[in-house]
Peer 1: 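Shown below is the structure under consideration.
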There are 2 protein chains.
Amino acid sequence: MKAIRQKEAADSISCAACSLVNLCLGKGLDQAELDKLDQIIDKKTQYDNEEYLFHSGETMTAVYAVRSGMVKTLITTEGGAEQITGFHLPGELVGLDGFGDDRHLCNAVALGTTTVCELKVESFDWVCEHIQGIRAQLMRMIGEELNHEQGMLLALGQMKADERLATLLLSLSERYKKRGFSALEFNLPMPRHDLANYLGLAPETLSRIFSKMHEEGILDVSGRDLRILDMPRMRKLAHCSQC
Amino acid sequence: MKAIRQKEAADSISCAACSLVNLCLGKGLDQAELDKLDQIIDKKTQYDNEEYLFHSGETMTAVYAVRSGMVKTLITTEGGAEQITGFHLPGELVGLDGFGDDRHLCNAVALGTTTVCELKVESFDWVCEHIQGIRAQLMRMIGEELNHEQGMLLALGQMKADERLATLLLSLSERYKKRGFSALEFNLPMPRHDLANYLGLAPETLSRIFSKMHEEGILDVSGRDLRILDMPRMRKLAHCSQC
DNA sequence: GCGCGCTCTTGACCTACATCAAGCTTTTTT
DNA sequence: AAAAAAGCTTGATGTAGGTCAAGAGCGCGC
């Protein structure tokens, strides 16, 4: 089957050798701790574009760390409405929502070809008990996730459409930069539709704002390729001097 | 000083004897574990209405479990905009956002006279390492918090004003019920202004929706006292058959 | 190479909600 | 108890952004 073939483990790279180690669960670990983590992690399962890592309602089996590509998480209502709740970059965790009652509330979907490392729930508690460094880093990552979602609540609750987009672009810019990519020039792996949904806007509105930012010389847009031309103005729009 | 007087510890009740134990960190613990938790928790610090538990930017010193009353958390922008990110009922945790970088991102403010139990950060890691039951319950509570925030993203991103209010009222109803209070009749400890802010609406809009729900026989409203008259319709509004 | 189906953009119009403004009710202060 | 200040509701009006509709660009299979 297609799905099964795709999920064959790719060649393993140890956490110690992984370029993302300082953004991921392995941050701050000594060699012995990293070795233990390596033994427990299932590395680099690959997913195609739009392929699901897990669905809402499924029993949680693992926590996922994005290795390459991107993962979006989304929730739905009975009415068929859908809200994208996050875009997850390499080094970020996906699936923590399942801890609430052992079932995932959200769906996780690959955006473009994506590889992830899995930490099985069976191992999770053992790791938390025995590896202090991972426990600490996990709490840090959970805190960041909570902070990020609160920032989105602020965006959706209080900001205008252009401010919301600026907030998202700055967040992506910053996160790409941390990963060694350009903070000013990057590619969006998701369609406008997804961006608009994430920002609580209609795709048409989002498109108009892209155009407006382009006219005003804040942003170069060519399809999904972006270049931020005027960072100060972008920051001003997002009401965020530090980010 | 006033603030200091208020923060004198009230009479201690053990976690084992606390009526909230099955909603709080102590859920599922055996007697020995509960005893340890008791030794570590600082019990029942009291706050007045509008008094801050902590401010944004302050170093995290503890995680707080609401014991009585209510706590709202909110974040602000440079521009002075403010978004309430949560209303926290007895048994719920406040302050997890501080794990991101040891500083709180949000502010936590008492709504009405409120008492909280504190678990100091210095003790936190020890507890997580040595008391499996607390570690498990903590992860459960974190998962619930993440789920709840994702639900709010859905509300703010996709729902109409009346649907957002219905969602909030059902959430409160359910949570009061879990605490042994009526699911249909309860009192809101916060002003309309706060509710509106939380829902991303103007206070005037919120007021109009309360009036409309009243006219339609869905809700009895008298100031901050509410009674849900037509639960099925309320659920329908919230697009949420289970909640 | 050509047609088909996406994705994205732009325009015209409309509506849900914000804003502004006034009065009313409840609480707090003196 | 009176006065002042909050909090809440209701009405009138304005607007940001949604919806509907029509292309335009672009990749893809045949």
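Labels below follow one simple rule: chain letters A, B, ... track the order of the sequence lines, proteins then strands, and each chain is numbered from 1. Keep in mind that this is a model prediction, so the values were computed, not measured.
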Peer 1: In this structure, how many angstroms lie between the C1' atom of D:dC8 and the CE atom of B:M190, rounded?
Peer 2: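 It works out to 16 Å between those atoms.
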Peer 1: The side chain of B:L201 lies closest to which of these nucleotides: D:dC8, C:dC17, D:dA12?
Peer 2: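 Output: C:dC17.
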Peer 1: Tell me which of B:R208 and A:G223 sits closer to the 5' end of DNA chain C, going by the nucleotide each one is nearest to.
Peer 2: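 In this pair, the answer is A:G223.
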Peer 1: Report the distance from atom NE2 of A:H193 to atom C1' of C:dT9, rounded to the nearest whole Å.
Peer 2: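 Taking atom C1' of C:dT9 as the reference, NE2 of A:H193 is at 16 Å.
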Peer 1: Assess A:R192 against A:F210: is NZ or CZ under 6.0 Å from the centre of the six-membered ring, and within 45 degrees of the ring's axis?
Peer 2: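 Yes; both conditions hold, so A:R192 lies above the ring face of A:F210.
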Peer 1: When we call it a touch if two heavy atoms are under 4.0 Å apart, what does A:A161 touch: a base, just sugar-phosphate, or nothing?
Peer 2: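 Touches sugar-phosphate only.
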Peer 1: Let me know the distance between CG of A:L111 and P of C:dT7, rounded to the nearest Å.
Peer 2: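 Distance, rounded to whole Å: 13 Å.
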Peer 1: Could you give the CD-to-C1' distance, from A:E163 to D:dG17, as a whole number of Å?
Peer 2: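 After rounding, the gap between these two atoms is 14 Å.
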Peer 1: If you assign A:E204 and B:S211 each to the DNA chain D nucleotide with the nearest heavy atom, which residue ends up on the more 5' nucleotide?
Peer 2: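 This one resolves to B:S211.
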Peer 1: Taking B:K72 first and then B:E50, would you say they form a salt bridge - that is, a charged N and a carboxylate O separated by under 4.0 Å?
Peer 2: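 Yes, charged N to carboxylate O under 4.0 Å.
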Peer 1: What nucleic acid atoms does B:R224 come within less than 4.0 Å of, heavy atoms only: base, sugar-phosphate, or nothing?
Peer 2: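 Touches sugar-phosphate only.
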Peer 1: Is it the case that C:dT26 (base atoms only) and B:R192 (side chain only) share a donor and an acceptor within less than 3.5 Å, ignoring hydrogens and angles?
Peer 2: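 It does not, because no donor-acceptor pair links the side chain of B:R192 to the base of C:dT26 below 3.5 Å.
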Peer 1: Which label fits B:H104 and B:Y64: parallel for a plane angle under 30°, tilted from 30 to 60°, or perpendicular past 60°?
Peer 2: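 Correct class here is tilted.
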Peer 1: Taking NZ from A:K160 and C1' from C:dA18, how many angstroms apart are they, rounded to a whole number?
Peer 2: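 In whole Å, C:dA18 C1' lies 8 Å from A:K160 NZ.
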Peer 1: Whole-Å distance between C:dT7 P and A:F210 CZ?
Peer 2: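 Going from CZ in A:F210 over to P in C:dT7 covers 16 Å.
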Peer 1: Would you say B:R208 and B:E204 make side-chain contact, with heavy atoms under 4.5 Å?
Peer 2: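 Yes; the side chains approach each other to less than 4.5 Å.
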Peer 1: Find the distance B:Q158:CD to D:dG18:C1' and express it as a whole number of Å.
Peer 2: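 Rounded to the whole Å, the gap is 12 Å.
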Peer 1: Would a line drawn from the ring center of A:F186 to the ring center of A:F181 be shorter than 6.0 Å?
Peer 2: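 Ring centres of A:F181 and A:F186 not closer than 6.0 Å.
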Peer 1: With a cut-off of less than 4.0 Å, is there a side-chain N or O of A:T205 near OP1 or OP2 of D:dG18?
Peer 2: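 It does, given that an N or O in the side chain of A:T205 lies less than 4.0 Å from OP1 or OP2 of D:dG18.
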Peer 1: Could you give the CD1-to-C1' distance, from A:I209 to D:dA16, as a whole number of Å?
Peer 2: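 Rounded to the whole Å, the gap is 10 Å.
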